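Note that the coordinates shown come from a computational prediction; the quantities given were computed from them, not determined experimentally.
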Amino acid sequence: MEVELISYTKNPDGVANMGAEICTFSDIPMIETCVDGKRTLHHALDSGHESVIEHACFTFAVSGVSRALTHQLVRHRLASFSQQSQRYVLMDRFDYVVPESIRSNSDALEDYTHLMETINAFYLDYIDPNDGYGIDLEDARYILPNACCTNIMITMNARELRHFFALRCCHRAQWEIRELAQKMLALVQDIAPHIFENAGASCDILGYCPEKRGCGKAPSLDQLKLAYEGDQEI
């Protein structure tokens, strides 16, 4: 998996801080005075007023991820995606992602590798106009697996990114998209340290797990309520 931050709003912390100051100051502040993006922005975020960080946007180029990952990724609505098309791109000798649970099992890995090679052989036979079936790429792609690697470009504003990190940095998120989220988070924290200072899994932000079935890292909201009422220890 390769993740690159290819474009972003210039001075994202300052832009978001300016948005926060416009809401609370009588005059429009100069962007130059909002360079560090710290005091007013932190107050807005600590108060749950996250609309001001929507002014900062980030674009990533991602390669070497599976279609299983991107099927999850596009569920995040407030984002823009441009993905490699299997309708127009020839997928001969396609790369594929191997889950660690399969890689660490020699028998499973052997079967998995054989299956990927078999699918590739069928795909090549399908599209071959001379010795094969001459099937169009747009139809031959139907036999390609979820493991097939793809490239995708992602653009999100900072507010949606924080939401994405809250869900996908979670231990209960699927391992591949969790790895993607962690790499994206590390990149934006270098560029916008104030916006993403406390970004990450929801339990790290809230202090409790909002999931119905948590991983045990943090107490559930119900456990906190019981502890608050004096009926249970955390």
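Annotation: side chain of Leu187 is in contact with side chain of Val3 (closest heavy-atom distance under 4.5 Å). Counting heavy atoms from C-beta on, the side chains of Asp13 and Pro193 come closer than 4.5 Å. With a 4.5 Å cut-off on side-chain heavy atoms, Val188 and Phe60 count as touching. In this structure, the side chains of Phe94 and Thr150 stay at 4.5 Å or more apart for every pair of heavy atoms. Counting only heavy atoms from C-beta outward, the side chains of Ile195 and Pro12 approach each other to under 4.5 Å. Contact of the Ile135 side chain with the Tyr142 side chain is not registered, since no non-hydrogen atoms from C-beta on lie closer than 4.5 Å. In this structure, the side chains of Met91 and Tyr123 come closer than 4.5 Å at one or more pairs of heavy atoms. For the pair Thr113 and Met116, the minimum side-chain heavy-atom distance is 4.5 Å or more.
Ile53 and Leu5 fall within the same hydrophobic cluster, where Ile, Leu, Val, Met, Phe, Trp and Tyr residues are linked whenever their side-chain heavy atoms come under 4.5 Å apart, directly or through other members. The hydrophobic clustering, which links ILVMFWY residues whose side-chain heavy atoms are closer than 4.5 Å, places Tyr8 and Leu78 apart. Val97 and Leu73 are members of different hydrophobic clusters when ILVMFWY side chains are connected at heavy-atom separations under 4.5 Å. In terms of hydrophobic clustering, with Ile, Leu, Val, Met, Phe, Trp and Tyr side chains grouped at heavy-atom distances under 4.5 Å, Tyr112 and Ile119 are assigned to a common cluster. When hydrophobic clusters are built by joining Ile, Leu, Val, Met, Phe, Trp and Tyr residues whose side-chain heavy atoms come closer than 4.5 Å, directly or via intermediates, Val89 is not grouped with Ile152.
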*Apply the test side-chain contact (heavy atoms from CB on, under 4.5 Å) to residues Met1 and Leu180: give CA-CA distance (whole Å), side-chain angles for both, the deciding distance (0.1 Å), then the verdict.*
CA-CA 8 Å; Met1 179 189 300; Leu180 172 64; 4.0 Å; yes
*For side chain to side chain donor-acceptor pair (under 3.5 Å), just list the numbers for Thr59 and Thr155, CA-CA rounded to whole Å, side-chain angles, deciding distance to a tenth of an Å, and then say yes or no.*
CA-CA 4 Å; Thr59 299; Thr155 299; 2.8 Å; yes
*Passes side-chain contact (heavy atoms from CB on, under 4.5 Å), Leu124 versus Asn120? Steps please.*
CA-CA 6 Å; Leu124 293 176; Asn120 183 73; 3.5 Å; yes
_Applying ring-ring contact (aromatic ring centres under 6.0 Å, His included) to Phe196 and Phe58, what does each step give before you reach the verdict?_
CA-CA 12 Å; Phe196 297 104; Phe58 302 81; 5.5 Å; yes
*Take Gln182 and Phe165 through the side-chain contact (heavy atoms from CB on, under 4.5 Å) test and state the conclusion after the steps.*
CA-CA 8 Å; Gln182 290 169 341; Phe165 296 144; over 6 Å; no
*Could you go through the side-chain contact (heavy atoms from CB on, under 4.5 Å) check for Cys203 and His171 one step at a time?*
CA-CA 10 Å; Cys203 63; His171 285 296; 5.9 Å; no
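At least one donor-acceptor pair closer than 3.5 Å links the side chain of Thr9 to the backbone N or O of Cys57. Using modelled atom types, no side-chain atom of Asp136 and backbone atom of Asp139 make a donor-acceptor pair closer than 3.5 Å. Side chain of Asn151 to backbone of Gln84: no donor-acceptor contact under 3.5 angstrom is found. Here the side chain of Glu54 pairs no donor or acceptor atom with the backbone of Glu50 at under 3.5 angstrom.
In His55, the NE2 atom is crowded: over 12 heavy atoms of neighbouring residues, nucleotides or ligands sit closer than 6.0 Å. Remark: Phe81 CZ is packed, more than 12 non-hydrogen atoms of other residues, nucleotides or ligands lying under 6.0 Å away. Residue-environment remark: CD (Gln174) exceeds the threshold of 12 foreign heavy atoms within 6.0 Å. When the shell of 6.0 Å around CE of Met153 is examined, it contains 12 or fewer heavy atoms from other residues, nucleotides or ligands.
Applying the salt bridge (Lys or Arg N to Asp or Glu O under 4.0 Å) rule to pairs touching residues 168-185 yields Arg172-Glu211, Glu179-Lys183, sequence neighbours excluded. For residues 184-195, the set of pairs meeting the salt bridge (Lys or Arg N to Asp or Glu O under 4.0 Å) definition, not counting sequence neighbours, is empty. Sorted by first and then second residue, the pairs that involve residues 72-88 and meet salt bridge (Lys or Arg N to Asp or Glu O under 4.0 Å), not counting sequence neighbours, are Arg87-Glu138.
The heavy-atom pair separating Asp128 from Asn130 by the smallest distance is OD1-N, 2.8 Å. In this structure, Leu109 and Arg103 approach most closely via the heavy-atom pair CD2-O, 3.9 Å. The two residues Leu185 and Cys169 make their nearest non-hydrogen contact at CD2-SG, 4.2 Å. Closest heavy-atom contact between Asp131 and Asp125: O-OD1, 3.9 Å. Heavy-atom minimum distance, Ser51 versus Arg159: CA-NH1, 3.7 Å.
In this structure, His163 and His76 have perpendicular ring planes: the angle between them is above 60°, well past the 30° mark.
A distance of 12.0 Å separates CZ in Arg141 from SG in Cys148, rounded to the nearest 0.5 Å.
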